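Inspection log for the structure reproduced underneath, given as structure tokens.
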Amino acid sequence: MVPLVAVVSGPRAQLFACLLRLGTQQVGPLQLHTGASHAARNHYEVLVLGGGSGGITMAARMKRKVGAENVAIVEPSERHFYQPIWTLVGAGAKQLSSSGRPTASVIPSGVEWIKARVTEFNPDKNCIHTDDDEKISYRYLIIALGIQLDYEKIKGLPEGFAHPKIGSNYSVETVEKTWKALQDFKEGNAIFTFPNTPVKCAGAPQKIMYLSEAYFRKTGKRSKANIIFNTSLGAIFGVKKYADALQEIIQERNLTVNYKKNLIEVRADKQEAVFENLDKPGETQVISYEMLHVTPPMSPPDVLKTSPVADAAGWVDVDKETLQHKRYPNVFGIGDCTNLPTSKTAAAVAAQSGILDRTISVIMKNQTPIKKYDGYTSCPLVTGYSRVILAEFDYKAEPLETFPFDQSKERLSMYVMKADLMPFLYWNMMLRGYWGGPAFLRKLFHLGMS
């Protein structure tokens with residue numbers, strides 16, 4: 001592995017070299033949470049819904065504000081996953097086992113873990129209900145329920161995953177099927193899809209395409225592979241600077257991209273995928289495949305869709321600058337479940353966590369939030385087994401880059417950061433409430449250049 005300091009020149013690389021050396025070491029799990037798995041009481045100062053990246057991060061931050069005994073997390077899952085690494089798992093570059101840890105090991109020590117599922121919101125009475133018939137009240141509520149995968153909205157799924165040649169990097173149950181399909185590829189169409197809904201990590205559907213193309217080249221199968229990216233969108237990426245760079249790669253590698261094409265059915269027994277033409281309602285196309293990677297339709301969790309805290313589309317209705325709910329001042333949202341008009345990524349959650357921390361702090365003091373979230377999000381666009389274009393941008397779809405070089409270029413250093421440094425930061429800093437995104441690094445670099 002090439003150390004980051006050898007790739008990024010200048011004295012500012014020293015900080016990243018240090019972090020990278022830590023990141024490539026074997027890091028043990030966080031301290032095992034020893035609290036009860038059911039609520040010991042029915043009221044908390046801060047109640048966090050969801051034990052994903054946003055929920056665990058905010059619980060850690062709130063613990064330092066109000067004390068661990070005054071914070072609880074409602075989360076039914078026994079395992080917590082670092083999902084951004086699944087892109088590399090699906091391409092055989094990482095092991096699935098490296099992506100998950102017991103939920104108990106990531107819940108901040110002393111914070112109450114309520115092992116249940118939220119079934120009802122009652123923000124007018126400052127309480128929620130769970131699937132074990134418990135009613136829990138709160139002073140402040142943080143909603144971090146993530147996004148729901150709706151494979152069943154595609155006819156023939158999820159049962160189609162029982163057949164070979166088909167996988168999906170979006171689920172722990174199907175990501176290894178992607179790698180199997182890639183290895184078993186012989187000759188024909190390799191199809192990659194993007195649904196007609198909001199999704200988390202909007203770059204992931206095409207990342208696996210680039211990795212698959214690289215794998216076919218490495219294994220001598222490229223000439224036998226017709227690689228197709230069928231997307232419901234009208235552009236390859238939402239930020240022009242990075243879209244232009246990706247278009248060059250698409251042309252250089254002879255990839256076929258079809259816009260406004262939405263997957264509506266999988267006939268896994270026949271290895272056929274059916275797409276609708278979004279520009280011509282009623283028109284469909286059947287394509288045979290030798291490999292199919294499915295990005296599922298996604299939506300807000302069902303419990304949110306008709307709740308009082310949701311907007312008309314079902315997302316948590318928050319102010320885009322403060323993350324405070326628009327109607328309930330003691331309710332807040334973070335991450336994929338919100339209607340924040342930015343890309344739904346772990347990097348966005350990190351940036352949002354720092355802003356939300358400050359928002360809640362001032363509200364607890366009966367003051368008005370000043371610090372504003374600019375929509376920062378990041379998408380490390382993996383374009384090969386050792387190359388990444390690091391896309392970083394804001395609400396206006398304008399680049400908001402951290403490093404003092406052109407991030408639209410494919411770089412080994414950015415791949416190392418994606419594959420090794422970011423998992424370390426996630427497990428050891430973000431989930432402990434100490435990583436609020438790279439804004440301070442951006443300032444550091446820009447000060448160093450001035």
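This chain uses plain numbering: 1 for the first residue, then up along the sequence. Atom set for the values below is all heavy atoms of this structure, side chains included, hydrogens, waters and symmetry mates excluded. Bear in mind the structure is a predicted one, so any value in this text is a computation, not a measurement.
- R217 has a carboxylate O that lies under 4.0 Å from a charged side-chain N of E213, or vice versa, which qualifies the two as a salt bridge.
- Taking the six-membered ring where the residue is Trp, Y170 and H293 present tilted rings, their angle falling between 30° and 60°.
- Ion pair K186/E290 not flagged as a salt bridge, since none of the NZ, NE, NH1 or NH2 atoms sits closer than 4.0 Å to an Asp/Glu carboxylate oxygen.
- Relative to the six-membered ring of F161, K177 misses at least one condition, a distance below 6.0 Å or an angle of at most 45° to the axis.
- With sequence neighbours excluded, the residues forming a salt bridge (Lys or Arg N to Asp or Glu O under 4.0 Å) with E321 are K372, listed by chain and number.
- Inspection of the S378 and E392 side chains reveals no N or O donor paired with an N or O acceptor under 3.5 Å.
- Between F229 and F194, the ring-plane angle classifies as perpendicular under the 30° and 60° cut-offs.
- A salt bridge is absent between E159 and R267: the closest approach of a Lys/Arg side-chain nitrogen to an acidic carboxylate oxygen does not fall below 4.0 angstrom.
- With no hydrogens or angles considered, no side-chain donor-acceptor pair links Q407 and K241 at under 3.5 Å.
- Using modelled atom types and a 3.5 Å distance limit, the side chains of D302 and Q148 yield a donor-acceptor pair.
- Side-chain polar atoms of N169 and T87 form no donor-acceptor pair below 3.5 angstrom.
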Which pairs would a plain distance check flag for residues 339-349, meaning a side-chain donor or acceptor within less than 3.5 Å of a matching protein atom at least two apart in sequence or in another chain?
| from | atom 1 | to | atom 2 | distance (Å) |
| --- | --- | --- | --- | --- |
| N339 | OD1 | V318 | N | 3.2 |
| N339 | ND2 | D311 | OD2 | 3.1 |
| N339 | ND2 | D317 | OD1 | 2.8 |
| T342 | OG1 | G375 | O | 2.7 |
| K344 | NZ | D336 | O | 2.9 |
| K344 | NZ | T338 | O | 2.9 |
| T345 | OG1 | A347 | N | 3.4 |
| T345 | OG1 | A348 | N | 3.0 |
| T345 | OG1 | T377 | OG1 | 2.7 |

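- Between D319 and K326, none of the side-chain N atoms (NZ, or NE/NH1/NH2) sits under 4.0 Å from a carboxylate O, so this pair counts as no salt bridge.
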